[in-house]
Amino acid sequence: MQLISKTDNRPYMNVIFGNFYSPAFDNEEFVDKTMGLIRDLGFNSVMFDTKAWEDFKERFETGALSQYVKMQEYMGGSAHRHGLAYNFLLLYLNGDNLYPHIRFSPPIFGEETVYLDGRPGRWYKYWSKKAQISMKEHVDRIMKQYGQGCERCLTGEIDQGKDRQDMNNGAKEVIPVCSMWDPVVAPSFDKEGQKRYLDYLRELYKGDIKSLNHNYETELEKFDDLTPKEYWYSVRFGSDSFYTEEDVKKRSPKFWVWRDNALWKIHELTLYFEKIGPMLKENNPELLLCPDMSQWGYFLNIYGRTQQDIDNEFSDLWDTAMRGIDIYALAPYVDSCHFITVPVTPDGYPDSYVVSCQHSMMRVMNQGKPFIGGIYWGRYIYNDLYALLSPSEIIGSMTACGIDGYTCYGMNGLDDGGVMNRMDTHFLDSLRMANEWFSQVICLRKGEKKKEIAILFPSEMAHLEPYEVGNNKIRRLDLLGWYKLCCDLGYQVDVISNHEIEKGTLAEYKVLIVPSNDCYFAVDHAAMEKEIRSWVCKGGVLLHGPRDLLAENCFGIQGEECEKKPYHYGKTIIAQGEAFCRYQDGKEIASYVDHGGCCVAKYEKLELAQKMNIKYRPGMGAVYSFGIQIGASYAAKNIPHVPYEQGNKEMYPIIQSGTTLVKDILYHYMTPVSGICERGIETGVFENGMVVVNHRSIPYVLPEKYKIEKYQYSFHAVQNGNGILAGHEAVWVSNDTTGDDYGENKIK
């Protein structure tokens, strides 16, 4: 599905341009110059920050113009003069006073939450009718006042023709808007808010107060006896307290109270998005609601507390586990499910695969919808990311993931907003050429990205376990490492959630990988487990790591915890991670050294049927049980010491070992459609061609001469007739020049 801007008949490419700070706050010359830069970089629209503040209300009701609103109106005219359209960031997580020292107009809440001591909570009461009506009123007024100049796009299966003019074929005209930025639900301790939460607990526990008493270690007779000092984590245990890894293992009250708080937030956000969408469209049905669900990525967020300087005002909320947000669950209620990604690991290390992995999540969320990507450009607050990465390779990854357009962050943010206008010419040149390349490749690309491997998003850990819980960062990296490894092996990878599996989408994949998720037990998964068992019985192949409750519940496979040891497969490898298991049955694929037992076991046919307590039937798939965290080992940045007891024996981390353990397993069942298996080379295969992204610093020689090779830079080298893809760049290749679907032998 395409999303083509009517401004210039190119894909939707949008940049946020804030005017909180001078010079954008009060310097028209600077605004004009920046609009010219935005157009020169290839964008066709800008997003203005028009959250619900009193000065916008005053503009609507009295005509009064604050300096902020006055400049934003000037920005709209300047955008048009430079051949750009504009759209809006309409609502913010809490009504937003966005730091009172730089934003002087009070926010409009409609109805806000209440603190335990009765003070106003300064957060939206998301379930409040008054709050929702105030949001709708603000959106209606913004669109009535400024809607004529808005960016308009055509979406659908668009036939652009050779000159991009014939854009009809059932295309729908829409106005993309960011309807909410960083949604976060907060509790309200007024009488109504407490009753609402108790009603939720009653429903969650199915009216069983004994079950809640067991979890909370209380002795209450009924749910109505609960007070915040029992049921709300920060009240009961302190606002600066976090549960521990031991609390997870022991299933302590700290964990259960935190879990219930987070599940309530997820519940309330889902209800909110289900309700607010139709309300916002009531008077403006053409709106394409594309809220930014998270400013700093999803799950693979920056660990703010370890990166901060003296200012930690909001870094806790950068961790989506602190917010209790299930973006997969919200996807059905928005027109394009979107968040901003940052190419950085939790510890601030630049890594382009983080962007790819998170866009894989968004691709799954947006099946059958416009797929609007999100990226942070500029000088990141905790690292100069683009001194090591290039905009070209990042746009290459986003294109390989199948985006239809994208929004980026942003111009003139200063406090955390990228400040693209201050970036050097090398960065800007790379971004300019990449945007032009992207707009051309979108017109060439046909169909959806191919599907080969699914990785199960660890939803419970993602939604319930903050970085402060011991070893959480290692467990999160297990997902990223598996994703990188599969991409390096040439596969097309989707990060799917339990929501998709319960709808039957596993049938589209041959392999399912289950990364670390120590909170899996916290939610019932009977429906998902039934689908997974059925899928394996029909030929599916599942890979999982140590301490995996999904494998235990689905297949009766339970590893025995053991000490950390190197393992052997062709060579001896030093595994990394925080969990190690051995398996007593199954076929041994790899063993621990020094007779340490089975490290990787394979279960198939009769033994798998026996484990599942079912009758074996031909065509049954297999389960591979890993006693080590392969993903965490693959994503690790440190190199471990050889254990002292191993003396001077040769052994290396998985990256340096040269072993093919995972490749040998996966290639037994499926050869990648890309035909490329190179570390640091990412591919995105579509019906009629593929995107090849070089994340390495050294050039990559393409495996063959393609009929079409569209590079990001106009110049490139050739070796023995084959094109050379420079480091940190991307290329579109195709053997299909007829417009017909390509045969399976055209792009290997």
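Just the heavy atoms: all of them, side chains too, but no hydrogens, waters or symmetry mates, feed the values below. Only a predicted model underlies this, so the values are computations on that prediction, with no experimental measurement involved.
- Between the side chains of E151 and T7, at least one donor-acceptor pair of N or O atoms lies under 3.5 Å.
- With respect to the salt-bridge test (charged N to carboxylate O, under 4.0 angstrom), the residues E173 and K6 qualify.
- For the atom pair OG1 of T113 and CZ of R122, the computed distance is 10.0 Å after rounding to the nearest 0.5 Å.
- For the pair Y386 and G378, the tightest heavy-atom approach, listed with the atom from each and the gap, is CD1-O, 3.3 Å.
- Remark: K33 NZ is loosely packed, at most 12 non-hydrogen atoms of other residues, nucleotides or ligands lying under 6.0 Å away.
- Side-chain contact between V139 and M279 is absent, with no heavy atoms from C-beta onward closer than 4.5 Å.
- Using a 4.0 Å cut-off between charged nitrogen and carboxylate oxygen, K125 and E192 count as a salt-bridge pair.
- Between the side chains of N421 and T34, no donor N or O sits under 3.5 Å from an acceptor N or O.
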What do the steps show when you test D199 against R196 for salt bridge (charged side-chain N to carboxylate O under 4.0 Å, His left out), and what is the final call?
CA-CA 5 Å; D199 287 345; R196 187 174 183 88; over 6 Å; no
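- A donor-acceptor contact closer than 3.5 angstrom links the side chains of T320 and N301.
- A salt bridge links D140 with K136: the distance from a Lys NZ or Arg NE/NH1/NH2 to an Asp or Glu carboxylate oxygen falls below 4.0 Å.
- Between Y272 and Y126, the ring centre distance stays below 6.0 Å.
- At least one side-chain heavy atom of P183 sits under 4.5 Å from a side-chain heavy atom of M293.
- Interatomic distance, W437 CH2 to Q712 CD, rounded to the nearest 0.5 Å: 5.0 Å.
- In this structure, the side chain of N366 engages the main chain of M362 through a donor-acceptor pair within 3.5 Å.
- Taking 4.5 Å as the limit, every side-chain heavy atom of D424 sits out of range of all side-chain heavy atoms of R422.
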For ring pair (Phe, Tyr, Trp, His ring centres under 6.0 Å), just list the numbers for Y197 and W232, CA-CA rounded to whole Å, side-chain angles, deciding distance to a tenth of an Å, and then say yes or no.
CA-CA 10 Å; Y197 187 77; W232 198 258; 5.5 Å; yes
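- With respect to the salt-bridge test (charged N to carboxylate O, under 4.0 angstrom), the residues D26 and K70 do not qualify.
- Distance alone, capped at 3.5 Å, places no donor-acceptor pair between the R323 side chain and the V185 backbone.
- Ion pairing between a basic and an acidic side chain is recognised when a charged N comes within 4.0 Å of a carboxylate O; E111 and K129 show no such pairing.
- Within the 4.5 Å cutoff, side-chain heavy atoms of L288 are placed close to those of L3.
- Y68 carries R103 over the face of its six-membered ring, with the cationic atom under 6.0 Å from the centre and within 45° of the normal.
- Heavy-atom contacts from other residues, nucleotides or ligands closer than 6.0 Å to CD of E61 number more than 12.
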Quick one: do N87 and S45 satisfy side-chain hydrogen bond (donor to acceptor under 3.5 Å, both in side chains)? Show the steps, please.
CA-CA 7 Å; N87 60 3; S45 64; 4.9 Å; no
Please walk me through it: do Q358 and T341 pass side-chain hydrogen bond (donor to acceptor under 3.5 Å, both in side chains)?
CA-CA 7 Å; Q358 293 181 334; T341 66; 4.6 Å; no
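- For W181 and Q295, the side-chain atoms include at least one donor-acceptor pair closer than 3.5 Å.
- Classified by interplanar angle (parallel below 30°, tilted 30° to 60°, perpendicular above 60°), the ring pair Y409/W296 is perpendicular.
- A donor and an acceptor atom, one from each side chain of T50 and Q72, are nowhere located under 3.5 Å apart.
- Using the six-membered ring where Trp is involved, F109 and Y124 have ring planes that are perpendicular, over 60° apart on the 30 and 60° scheme.
- E28 places a side-chain heavy atom less than 4.5 Å from the side chain of M71.
- Side-chain atoms of K195 never come within 3.5 Å of backbone atoms of D190 as a donor-acceptor pair (strictly under, hydrogens ignored).
- Under the 6.0 Å cut-off for aromatic ring centres, Y233 and F237 qualify, their centroids lying closer than that.
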Evaluate the criterion salt bridge (charged side-chain N to carboxylate O under 4.0 Å, His left out) for residue pair D335 and K281; output intermediate values, then yes/no.
CA-CA 11 Å; D335 297 316; K281 288 189 174 186; 2.7 Å; yes
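- No cation-pi contact links R236 to Y231, judged by a cut-off of 6.0 Å to the six-membered ring centre and 45° from its axis.
- Salt-bridge formation is detected for the pair K51/D49: a Lys NZ or Arg NE/NH1/NH2 atom is positioned less than 4.0 Å from an Asp or Glu carboxylate oxygen.
- In this structure, N284 contributes its side chain and E286 its backbone to no donor-acceptor pair below 3.5 Å.
- Within the cation-pi definition used here (under 6.0 Å to the ring centroid, within 45° of the axis), R59 does not qualify as a partner of Y146.
- A 4.5 Å side-chain heavy-atom check between I38 and L84 finds at least one atom pair inside the cut-off.
- Between P391 and S430 the shortest side-chain heavy-atom distance falls below 4.5 Å.
- The pair D319-R476 meets the salt-bridge criterion, with a side-chain N (NZ, NE, NH1 or NH2) lying under 4.0 Å from an Asp/Glu carboxylate O.
- When atom types are taken as modelled, the side chain of Q194 and the backbone of F189 share a donor-acceptor pair closer than 3.5 angstrom.
- Closest approach of S294 and D182 over heavy atoms only: CA-OD1, 3.1 Å.
- Aromatic ring centroids of W127 and W264 lie under 6.0 Å apart.
- Judged purely by atom type and a 3.5 angstrom limit, T62 uses its side chain to pair as donor or acceptor with the backbone of E58.
- Aromatic pair H80/Y86: centroids less than 6.0 angstrom apart.
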